[in-house]
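Have a look at the structure that comes next, please.
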Amino acid sequence: MSPRKPNMESSIYLGSDGWFHGRVTMGVKDDGSPDRRHRRAKTETEIKRKVRELEDLRDRGRAPKAGRKPTVAQWMTTYLTDIASLKLKPRSLDDYWSKTRNDIIPGIGQHRIDKLQPEHLERMYRVMLDEGHAPSHVLKVHRILSRALKIAHRRRMIVENVATLVDPPTVDETEANPFTTQEAKAFLEAAAKRPTFMRWCVGVGMGFRQGETLGLRWPYVDLDNELFRPEWQLQRLTWRHGCKDPHACGAEFHRFDPCPPDCSTHKGYKRGCPKPCPEGCTSHARACPDRKGGGLVFTRPKTKKSRDAVPIPPPFIPYLRDHQTQQEEARAEAGDEWEDHKLVFARPDGRPLDPRQDWAEFKELLAEAGIDDRRLYDGSRHTAGTILNELGVDMPTIMEILRHTQISQTRRYVKGRSHLSKDAMRRMGDTFMPRLEPVTETKTETTNSRAARAQRRRRIR
(Lines give C-alpha, C1' and ligand atoms only; values in the text may rest on other atoms or scores of the structure.)
Protein backbone atom coordinates (compact mmCIF):
# COMPACT_ATOMS: atom_id res chain seq x y z
CA MET A 1 0.00 0.00 0.00
CA SER A 2 1.50 3.36 -1.09
CA PRO A 3 1.71 6.16 1.44
CA ARG A 4 -0.97 8.87 1.30
CA LYS A 5 0.07 11.98 -0.63
CA PRO A 6 0.15 15.30 1.25
CA ASN A 7 -2.73 17.74 0.77
CA MET A 8 -2.63 19.87 -2.39
CA GLU A 9 -0.03 17.61 -4.01
CA SER A 10 -0.65 16.66 -7.61
CA SER A 11 -0.70 13.16 -9.04
CA ILE A 12 0.52 11.89 -12.43
CA TYR A 13 -0.17 8.42 -13.84
CA LEU A 14 -0.32 6.46 -17.10
CA GLY A 15 -3.87 5.48 -17.92
CA SER A 16 -5.11 2.35 -19.65
CA ASP A 17 -5.92 4.51 -22.69
CA GLY A 18 -2.23 5.13 -23.29
CA TRP A 19 -2.36 8.79 -22.20
CA PHE A 20 -0.59 10.33 -19.21
CA HIS A 21 -3.06 11.96 -16.82
CA GLY A 22 -2.49 14.65 -14.21
CA ARG A 23 -4.75 15.62 -11.31
CA VAL A 24 -4.20 18.96 -9.56
CA THR A 25 -6.04 20.04 -6.41
CA MET A 26 -6.92 23.74 -6.82
CA GLY A 27 -8.96 24.25 -3.67
CA VAL A 28 -12.63 23.91 -2.86
CA LYS A 29 -15.65 24.46 -5.09
CA ASP A 30 -18.62 26.62 -4.16
CA ASP A 31 -20.54 23.57 -2.92
CA GLY A 32 -17.68 22.51 -0.60
CA SER A 33 -16.37 19.60 -2.69
CA PRO A 34 -12.67 19.41 -3.70
CA ASP A 35 -11.75 21.26 -6.87
CA ARG A 36 -9.60 18.75 -8.80
CA ARG A 37 -8.52 19.76 -12.31
CA HIS A 38 -7.57 17.23 -14.96
CA ARG A 39 -4.90 17.46 -17.64
CA ARG A 40 -3.69 14.81 -20.11
CA ALA A 41 -0.81 14.42 -22.61
CA LYS A 42 0.91 11.82 -24.78
CA THR A 43 4.27 12.03 -22.96
CA GLU A 44 5.30 12.24 -19.34
CA THR A 45 7.35 15.37 -20.01
CA GLU A 46 4.34 17.17 -21.49
CA ILE A 47 1.99 16.19 -18.66
CA LYS A 48 4.51 17.40 -16.07
CA ARG A 49 4.71 20.75 -17.85
CA LYS A 50 0.91 21.13 -17.89
CA VAL A 51 0.67 20.19 -14.22
CA ARG A 52 3.37 22.72 -13.26
CA GLU A 53 1.56 25.48 -15.19
CA LEU A 54 -1.68 24.73 -13.36
CA GLU A 55 0.07 24.62 -9.99
CA ASP A 56 1.75 27.95 -10.73
CA LEU A 57 -1.61 29.57 -11.49
CA ARG A 58 -3.00 28.13 -8.26
CA ASP A 59 -0.08 29.40 -6.17
CA ARG A 60 -0.33 32.90 -7.69
CA GLY A 61 -4.09 33.03 -7.16
CA ARG A 62 -4.75 33.40 -10.88
CA ALA A 63 -6.36 30.04 -11.59
CA PRO A 64 -9.58 30.23 -13.60
CA LYS A 65 -12.77 29.10 -11.95
CA ALA A 66 -13.94 25.52 -12.38
CA GLY A 67 -16.58 24.61 -14.93
CA ARG A 68 -16.98 24.79 -18.69
CA LYS A 69 -16.32 28.27 -20.02
CA PRO A 70 -18.85 30.04 -22.24
CA THR A 71 -18.29 30.76 -25.89
CA VAL A 72 -17.45 34.27 -27.05
CA ALA A 73 -21.03 34.69 -28.28
CA GLN A 74 -22.46 33.61 -24.91
CA TRP A 75 -20.08 35.80 -22.91
CA MET A 76 -20.66 38.89 -25.08
CA THR A 77 -24.42 38.48 -24.61
CA THR A 78 -23.97 38.19 -20.84
CA TYR A 79 -21.55 41.12 -20.75
CA LEU A 80 -23.79 43.49 -22.70
CA THR A 81 -27.02 42.42 -20.99
CA ASP A 82 -25.93 42.29 -17.34
CA ILE A 83 -22.69 44.30 -17.06
CA ALA A 84 -22.26 46.97 -19.73
CA SER A 85 -25.93 48.00 -19.61
CA LEU A 86 -25.43 49.27 -16.04
CA LYS A 87 -22.71 51.74 -17.07
CA LEU A 88 -23.00 52.65 -20.74
CA LYS A 89 -25.27 55.34 -22.16
CA PRO A 90 -28.12 54.00 -24.34
CA ARG A 91 -26.54 55.16 -27.62
CA SER A 92 -23.18 53.59 -26.73
CA LEU A 93 -24.88 50.35 -25.69
CA ASP A 94 -26.69 50.23 -29.04
CA ASP A 95 -23.34 50.61 -30.81
CA TYR A 96 -21.82 47.80 -28.71
CA TRP A 97 -24.71 45.49 -29.58
CA SER A 98 -24.50 46.35 -33.29
CA LYS A 99 -20.79 45.55 -33.57
CA THR A 100 -21.21 42.39 -31.49
CA ARG A 101 -24.01 41.03 -33.68
CA ASN A 102 -22.48 42.02 -37.01
CA ASP A 103 -18.75 41.48 -36.42
CA ILE A 104 -17.69 39.69 -33.22
CA ILE A 105 -20.18 36.81 -33.15
CA PRO A 106 -19.88 35.94 -36.88
CA GLY A 107 -16.09 36.17 -36.62
CA ILE A 108 -15.16 34.34 -33.40
CA GLY A 109 -18.46 33.69 -31.64
CA GLN A 110 -18.12 29.87 -31.53
CA HIS A 111 -14.74 29.86 -29.76
CA ARG A 112 -14.69 29.27 -26.02
CA ILE A 113 -13.25 32.30 -24.27
CA ASP A 114 -10.55 30.20 -22.55
CA LYS A 115 -9.50 28.71 -25.92
CA LEU A 116 -9.36 32.04 -27.75
CA GLN A 117 -5.96 32.76 -29.32
CA PRO A 118 -4.43 36.01 -30.67
CA GLU A 119 -4.40 34.65 -34.20
CA HIS A 120 -8.19 34.24 -34.07
CA LEU A 121 -8.57 37.98 -33.48
CA GLU A 122 -5.96 38.89 -36.08
CA ARG A 123 -7.70 36.74 -38.68
CA MET A 124 -11.05 38.35 -37.89
CA TYR A 125 -9.58 41.85 -38.23
CA ARG A 126 -7.97 40.90 -41.53
CA VAL A 127 -11.29 39.65 -42.91
CA MET A 128 -13.07 42.81 -41.77
CA LEU A 129 -10.52 45.02 -43.53
CA ASP A 130 -10.76 42.91 -46.70
CA GLU A 131 -14.54 43.34 -46.65
CA GLY A 132 -14.09 47.10 -46.77
CA HIS A 133 -14.52 48.11 -43.15
CA ALA A 134 -12.59 51.20 -42.11
CA PRO A 135 -9.65 50.73 -39.70
CA SER A 136 -11.50 52.94 -37.19
CA HIS A 137 -14.42 50.47 -37.25
CA VAL A 138 -12.08 47.53 -36.62
CA LEU A 139 -10.44 49.45 -33.77
CA LYS A 140 -13.84 49.98 -32.10
CA VAL A 141 -14.57 46.26 -32.39
CA HIS A 142 -11.19 45.50 -30.80
CA ARG A 143 -11.89 47.84 -27.87
CA ILE A 144 -15.33 46.35 -27.23
CA LEU A 145 -13.96 42.80 -27.28
CA SER A 146 -10.96 43.77 -25.12
CA ARG A 147 -13.23 45.33 -22.50
CA ALA A 148 -15.44 42.22 -22.35
CA LEU A 149 -12.42 39.91 -22.01
CA LYS A 150 -10.96 42.18 -19.34
CA ILE A 151 -14.04 41.61 -17.20
CA ALA A 152 -13.78 37.86 -17.81
CA HIS A 153 -10.12 37.93 -16.77
CA ARG A 154 -10.93 39.95 -13.66
CA ARG A 155 -13.48 37.31 -12.68
CA ARG A 156 -10.92 34.53 -13.28
CA MET A 157 -12.84 32.96 -16.09
CA ILE A 158 -9.74 33.13 -18.31
CA VAL A 159 -6.03 33.17 -17.56
CA GLU A 160 -5.17 36.07 -19.87
CA ASN A 161 -6.89 38.70 -21.97
CA VAL A 162 -5.68 37.76 -25.45
CA ALA A 163 -6.87 41.10 -26.88
CA THR A 164 -3.92 42.74 -25.12
CA LEU A 165 -1.57 40.56 -27.20
CA VAL A 166 -2.97 41.84 -30.50
CA ASP A 167 -2.11 45.12 -32.20
CA PRO A 168 -5.27 46.55 -33.81
CA PRO A 169 -5.06 48.43 -37.13
CA THR A 170 -3.50 51.87 -37.01
CA VAL A 171 -6.04 54.63 -37.48
CA ASP A 172 -5.13 57.96 -38.99
CA GLU A 173 -6.96 60.70 -37.13
CA THR A 174 -9.61 62.34 -39.31
CA GLU A 175 -8.38 65.80 -40.22
CA ALA A 176 -10.76 68.54 -39.18
CA ASN A 177 -12.08 70.83 -41.91
CA PRO A 178 -13.69 73.78 -40.10
CA PHE A 179 -15.18 76.86 -41.73
CA THR A 180 -13.02 79.88 -42.26
CA THR A 181 -14.41 83.13 -40.86
CA GLN A 182 -15.64 84.10 -44.35
CA GLU A 183 -17.24 80.67 -44.88
CA ALA A 184 -18.96 80.81 -41.46
CA LYS A 185 -20.45 84.20 -42.34
CA ALA A 186 -21.60 82.93 -45.74
CA PHE A 187 -23.16 79.87 -44.11
CA LEU A 188 -25.10 81.95 -41.56
CA GLU A 189 -26.22 84.36 -44.29
CA ALA A 190 -27.77 81.40 -46.10
CA ALA A 191 -29.31 80.13 -42.83
CA ALA A 192 -30.83 83.57 -42.10
CA LYS A 193 -33.44 82.87 -44.79
CA ARG A 194 -34.80 79.89 -42.84
CA PRO A 195 -36.82 79.54 -39.62
CA THR A 196 -33.96 77.51 -38.11
CA PHE A 197 -31.51 80.43 -38.28
CA MET A 198 -30.82 80.53 -34.52
CA ARG A 199 -30.27 76.77 -34.42
CA TRP A 200 -27.28 77.24 -36.75
CA CYS A 201 -26.07 80.32 -34.88
CA VAL A 202 -25.86 78.25 -31.70
CA GLY A 203 -24.15 75.36 -33.52
CA VAL A 204 -21.57 77.43 -35.39
CA GLY A 205 -21.11 80.30 -32.94
CA MET A 206 -21.08 78.31 -29.68
CA GLY A 207 -19.86 74.88 -30.78
CA PHE A 208 -22.87 72.91 -29.52
CA ARG A 209 -23.23 69.30 -30.65
CA GLN A 210 -26.22 68.43 -32.79
CA GLY A 211 -27.99 66.48 -30.03
CA GLU A 212 -27.37 69.24 -27.48
CA THR A 213 -28.73 71.92 -29.81
CA LEU A 214 -31.86 69.97 -30.77
CA GLY A 215 -32.44 68.98 -27.13
CA LEU A 216 -32.04 72.50 -25.70
CA ARG A 217 -35.05 73.54 -23.56
CA TRP A 218 -36.27 76.95 -22.43
CA PRO A 219 -36.16 76.15 -18.65
CA TYR A 220 -32.38 75.77 -19.05
CA VAL A 221 -31.92 79.04 -20.97
CA ASP A 222 -31.21 82.13 -18.82
CA LEU A 223 -31.45 85.11 -21.14
CA ASP A 224 -31.11 87.62 -18.28
CA ASN A 225 -27.75 86.19 -17.18
CA GLU A 226 -26.84 85.15 -20.74
CA LEU A 227 -26.31 81.43 -20.02
CA PHE A 228 -27.14 78.15 -21.75
CA ARG A 229 -27.25 74.97 -19.64
CA PRO A 230 -27.20 71.90 -21.95
CA GLU A 231 -28.77 69.49 -19.47
CA TRP A 232 -30.40 67.30 -22.14
CA GLN A 233 -29.69 66.06 -25.63
CA LEU A 234 -31.88 64.55 -28.33
CA GLN A 235 -30.85 61.14 -29.67
CA ARG A 236 -32.39 58.43 -31.82
CA LEU A 237 -32.18 55.07 -30.03
CA THR A 238 -32.82 51.54 -31.28
CA TRP A 239 -36.17 50.01 -30.38
CA ARG A 240 -36.25 47.03 -27.98
CA HIS A 241 -38.80 44.25 -27.78
CA GLY A 242 -41.36 44.52 -25.00
CA CYS A 243 -42.86 41.09 -25.68
CA LYS A 244 -41.85 37.77 -24.11
CA ASP A 245 -40.72 36.04 -27.32
CA PRO A 246 -38.72 38.45 -29.55
CA HIS A 247 -37.85 35.73 -32.07
CA ALA A 248 -41.49 34.80 -32.72
CA CYS A 249 -42.52 38.46 -32.71
CA GLY A 250 -40.34 39.25 -35.73
CA ALA A 251 -41.01 35.98 -37.58
CA GLU A 252 -42.43 37.64 -40.71
CA PHE A 253 -39.29 39.81 -41.05
CA HIS A 254 -36.65 37.09 -40.59
CA ARG A 255 -34.53 36.45 -43.68
CA PHE A 256 -31.97 33.68 -43.30
CA ASP A 257 -30.88 33.33 -46.95
CA PRO A 258 -28.50 35.88 -48.52
CA CYS A 259 -29.68 38.03 -51.40
CA PRO A 260 -28.83 36.93 -54.95
CA PRO A 261 -26.01 38.78 -56.76
CA ASP A 262 -28.49 40.70 -58.94
CA CYS A 263 -30.78 41.67 -56.05
CA SER A 264 -33.24 44.40 -57.05
CA THR A 265 -35.01 44.67 -53.68
CA HIS A 266 -32.17 46.56 -52.01
CA LYS A 267 -30.84 48.26 -55.14
CA GLY A 268 -31.28 51.74 -53.66
CA TYR A 269 -29.67 50.92 -50.30
CA LYS A 270 -26.48 52.91 -49.67
CA ARG A 271 -24.91 50.03 -47.71
CA GLY A 272 -26.03 47.33 -50.09
CA CYS A 273 -28.05 44.26 -49.19
CA PRO A 274 -28.50 43.66 -45.43
CA LYS A 275 -26.88 40.63 -43.89
CA PRO A 276 -29.03 37.51 -43.33
CA CYS A 277 -30.52 37.10 -39.88
CA PRO A 278 -28.57 34.89 -37.46
CA GLU A 279 -30.14 31.76 -36.05
CA GLY A 280 -32.50 32.68 -33.22
CA CYS A 281 -32.68 36.30 -34.42
CA THR A 282 -34.29 38.67 -31.91
CA SER A 283 -34.13 41.84 -34.05
CA HIS A 284 -36.97 43.68 -35.81
CA ALA A 285 -38.14 45.26 -32.56
CA ARG A 286 -39.42 48.23 -34.54
CA ALA A 287 -42.46 46.12 -35.56
CA CYS A 288 -43.12 44.86 -32.03
CA PRO A 289 -46.53 46.02 -30.74
CA ASP A 290 -45.03 46.43 -27.24
CA ARG A 291 -41.78 48.04 -28.37
CA LYS A 292 -40.00 50.34 -25.96
CA GLY A 293 -36.94 52.54 -25.47
CA GLY A 294 -36.47 53.64 -29.09
CA GLY A 295 -37.10 56.54 -31.42
CA LEU A 296 -36.24 60.15 -30.58
CA VAL A 297 -35.45 60.25 -26.86
CA PHE A 298 -34.15 62.93 -24.49
CA THR A 299 -31.03 61.67 -22.72
CA ARG A 300 -28.41 63.15 -20.44
CA PRO A 301 -25.07 64.17 -21.97
CA LYS A 302 -22.32 61.62 -21.65
CA THR A 303 -20.22 63.42 -19.01
CA LYS A 304 -20.91 65.83 -16.18
CA LYS A 305 -18.59 68.37 -17.80
CA SER A 306 -20.87 68.44 -20.86
CA ARG A 307 -23.66 69.89 -18.70
CA ASP A 308 -21.67 72.95 -17.62
CA ALA A 309 -23.27 76.33 -18.34
CA VAL A 310 -22.01 78.17 -21.44
CA PRO A 311 -22.14 81.98 -21.78
CA ILE A 312 -24.34 83.24 -24.61
CA PRO A 313 -22.75 85.87 -26.89
CA PRO A 314 -24.60 89.14 -26.11
CA PRO A 315 -25.46 89.81 -29.80
CA PHE A 316 -27.43 86.52 -29.75
CA ILE A 317 -29.82 87.69 -27.01
CA PRO A 318 -32.14 89.93 -29.12
CA TYR A 319 -32.41 87.22 -31.79
CA LEU A 320 -33.23 84.58 -29.16
CA ARG A 321 -35.93 86.76 -27.63
CA ASP A 322 -37.41 87.33 -31.08
CA HIS A 323 -37.24 83.57 -31.74
CA GLN A 324 -39.07 82.93 -28.45
CA THR A 325 -41.82 85.37 -29.42
CA GLN A 326 -42.28 83.73 -32.82
CA GLN A 327 -42.50 80.32 -31.15
CA GLU A 328 -45.22 81.56 -28.79
CA GLU A 329 -47.21 82.77 -31.80
CA ALA A 330 -46.80 79.38 -33.51
CA ARG A 331 -47.95 77.68 -30.31
CA ALA A 332 -51.11 79.79 -30.16
CA GLU A 333 -51.80 79.09 -33.82
CA ALA A 334 -51.34 75.31 -33.40
CA GLY A 335 -53.72 75.14 -30.45
CA ASP A 336 -54.45 71.60 -29.24
CA GLU A 337 -52.09 70.11 -31.83
CA TRP A 338 -49.07 71.64 -30.08
CA GLU A 339 -46.83 69.12 -28.27
CA ASP A 340 -45.21 70.95 -25.41
CA HIS A 341 -41.64 69.72 -24.92
CA LYS A 342 -40.40 73.23 -23.99
CA LEU A 343 -37.86 73.00 -26.82
CA VAL A 344 -35.94 76.04 -28.00
CA PHE A 345 -35.81 74.66 -31.56
CA ALA A 346 -38.91 72.71 -32.57
CA ARG A 347 -41.21 71.97 -35.48
CA PRO A 348 -44.32 74.10 -36.09
CA ASP A 349 -46.33 71.71 -33.87
CA GLY A 350 -43.79 71.65 -31.02
CA ARG A 351 -42.28 68.26 -31.81
CA PRO A 352 -38.49 67.85 -31.79
CA LEU A 353 -36.54 68.46 -34.99
CA ASP A 354 -35.51 65.22 -36.68
CA PRO A 355 -31.68 64.86 -36.60
CA ARG A 356 -31.76 63.34 -40.09
CA GLN A 357 -33.64 66.32 -41.52
CA ASP A 358 -31.31 68.63 -39.60
CA TRP A 359 -28.31 66.96 -41.23
CA ALA A 360 -29.94 67.22 -44.67
CA GLU A 361 -30.59 70.93 -44.08
CA PHE A 362 -26.92 71.41 -43.21
CA LYS A 363 -25.94 69.92 -46.57
CA GLU A 364 -28.42 72.20 -48.36
CA LEU A 365 -26.98 75.27 -46.63
CA LEU A 366 -23.47 74.25 -47.67
CA ALA A 367 -24.59 74.17 -51.29
CA GLU A 368 -26.41 77.50 -51.00
CA ALA A 369 -23.37 79.17 -49.41
CA GLY A 370 -21.01 77.74 -52.04
CA ILE A 371 -18.99 75.78 -49.46
CA ASP A 372 -17.49 72.40 -50.27
CA ASP A 373 -18.94 69.34 -48.55
CA ARG A 374 -17.85 68.52 -45.00
CA ARG A 375 -19.04 66.93 -41.77
CA LEU A 376 -21.62 68.55 -39.50
CA TYR A 377 -19.05 68.39 -36.68
CA ASP A 378 -16.62 70.42 -38.81
CA GLY A 379 -19.20 73.13 -39.28
CA SER A 380 -20.02 73.41 -35.58
CA ARG A 381 -17.57 72.42 -32.85
CA HIS A 382 -14.41 72.43 -34.96
CA THR A 383 -15.36 75.80 -36.43
CA ALA A 384 -16.10 77.34 -33.03
CA GLY A 385 -12.81 76.11 -31.54
CA THR A 386 -10.73 77.25 -34.52
CA ILE A 387 -12.24 80.73 -34.76
CA LEU A 388 -11.90 81.25 -31.00
CA ASN A 389 -8.22 80.38 -31.35
CA GLU A 390 -7.84 82.86 -34.23
CA LEU A 391 -9.40 85.55 -32.03
CA GLY A 392 -6.60 85.02 -29.51
CA VAL A 393 -8.56 83.03 -26.91
CA ASP A 394 -6.29 80.74 -24.87
CA MET A 395 -6.71 76.96 -24.82
CA PRO A 396 -8.06 76.62 -21.23
CA THR A 397 -10.85 79.07 -22.07
CA ILE A 398 -11.69 77.25 -25.31
CA MET A 399 -11.75 74.00 -23.32
CA GLU A 400 -14.33 75.52 -20.94
CA ILE A 401 -16.50 76.79 -23.79
CA LEU A 402 -16.47 73.45 -25.61
CA ARG A 403 -16.81 71.61 -22.25
CA HIS A 404 -13.96 69.18 -22.75
CA THR A 405 -12.49 67.25 -19.83
CA GLN A 406 -8.91 67.35 -21.16
CA ILE A 407 -7.05 70.09 -22.95
CA SER A 408 -5.50 67.52 -25.31
CA GLN A 409 -8.99 66.87 -26.63
CA THR A 410 -9.48 70.59 -27.22
CA ARG A 411 -6.27 70.80 -29.26
CA ARG A 412 -7.68 68.23 -31.68
CA TYR A 413 -10.63 70.53 -32.29
CA VAL A 414 -8.47 73.55 -33.11
CA LYS A 415 -6.92 73.67 -36.57
CA GLY A 416 -4.13 76.09 -37.34
CA ARG A 417 -4.50 78.50 -40.25
CA SER A 418 -1.73 79.12 -42.79
CA HIS A 419 -2.02 82.90 -42.61
CA LEU A 420 -1.62 82.79 -38.84
CA SER A 421 1.46 80.59 -39.22
CA LYS A 422 2.97 83.00 -41.73
CA ASP A 423 2.30 85.95 -39.45
CA ALA A 424 3.84 84.10 -36.50
CA MET A 425 6.99 83.21 -38.46
CA ARG A 426 7.28 86.79 -39.71
CA ARG A 427 7.29 88.04 -36.14
CA MET A 428 9.78 85.30 -35.23
CA GLY A 429 12.10 86.49 -38.01
CA ASP A 430 11.78 90.12 -36.97
CA THR A 431 12.79 89.12 -33.45
CA PHE A 432 16.04 87.33 -34.31
CA MET A 433 17.29 88.70 -37.65
CA PRO A 434 18.70 92.24 -38.01
CA ARG A 435 17.09 94.43 -40.60
CA LEU A 436 19.12 95.15 -43.72
CA GLU A 437 19.87 98.84 -44.12
CA PRO A 438 18.87 100.36 -47.48
CA VAL A 439 21.71 100.80 -49.95
CA THR A 440 22.68 104.45 -50.64
CA GLU A 441 25.11 106.06 -53.14
CA THR A 442 27.09 107.83 -50.46
CA LYS A 443 28.14 104.61 -48.73
CA THR A 444 28.84 102.42 -51.75
CA GLU A 445 31.59 102.90 -54.34
CA THR A 446 31.29 101.64 -57.89
CA THR A 447 33.59 98.98 -59.25
CA ASN A 448 35.27 101.69 -61.37
CA SER A 449 36.61 103.57 -58.32
CA ARG A 450 40.28 104.55 -57.83
CA ALA A 451 40.77 101.82 -55.19
CA ALA A 452 39.33 99.15 -57.50
CA ARG A 453 41.63 100.24 -60.35
CA ALA A 454 44.67 100.15 -58.08
CA GLN A 455 43.73 96.64 -56.93
CA ARG A 456 43.46 95.40 -60.51
CA ARG A 457 46.93 96.86 -61.33
CA ARG A 458 48.47 95.00 -58.38
CA ARG A 459 46.98 91.74 -59.64
CA ILE A 460 48.45 92.29 -63.12
CA ARG A 461 51.92 92.96 -61.72
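Worth knowing before you read on, the calculation uses all heavy atoms, side chains too, and leaves out hydrogens, waters and symmetry mates.
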*For Y125, all residues meeting ring-ring contact (aromatic ring centres under 6.0 Å, His included), sequence neighbours excluded*: H142

*Report the residue from R199, H323, Q327 that forms a side-chain contact (heavy atoms from CB on, under 4.5 Å) with V344.*
H323

*Kindly confirm or rule out a cation-pi arrangement of R286 over W239, judged by NZ or CZ under 6.0 Å from the six-membered ring centre and within 45° of its axis?*
no

*Looking at side-chain heavy atoms only, is the closest gap between W75 and K69 below 4.5 Å?*
no

*May I have the step-by-step check of side chain to side chain contact (heavy atoms under 4.5 Å, CB included) for R147 and Y79, ending in yes or no?*
CA-CA 9 Å; R147 178 61 184 173; Y79 167 70; 2.9 Å; yes

*Who passes side chain to side chain contact (heavy atoms under 4.5 Å, CB included) against R307, sequence neighbours left out?*
E231, R300, P301, K304

*asked:* Less than 4.0 angstrom from a charged side-chain N to a carboxylate O is my criterion; do R331 and E339 meet it?
replied: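 The answer is no: the pair does not qualify as a salt bridge.
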
*Answer with yes or no after comparing the ring centroid distance for F179 and F187 against a 6.0 Å cut-off, counting only values under it.*
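Ring centres of F187 and F179 closer than 6.0 Å.
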
*Decide, yes or no, whether a salt bridge links D222 with R229 under the criterion of side-chain N to carboxylate O below 4.0 Å.*
no

*asked:* Any salt bridge linking K342 with D340? Criterion: basic side-chain nitrogen under 4.0 Å from a carboxylate oxygen.
replied: yes

*Before giving the answer on ring-ring contact (aromatic ring centres under 6.0 Å, His included), spell out for H247 and H254 the whole-Å C-alpha distance, their side-chain angles and the decisive distance to 0.1 Å.*
CA-CA 9 Å; H247 179 69; H254 294 323; 4.7 Å; yes

*Using distance alone, with no hydrogens and no angle criterion, decide if R374 and H382 have a side-chain donor and acceptor under 3.5 Å apart.*
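No, no side-chain donor-acceptor contact under 3.5 Å.
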
*asked:* Do R217 and F345 form a cation-pi contact, if we require the NZ or CZ to be under 6.0 Å from the six-membered ring centre and within 45 degrees of the ring's axis?
replied: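 Negative - R217 is either too far from the ring of F345 or too far off its axis.
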
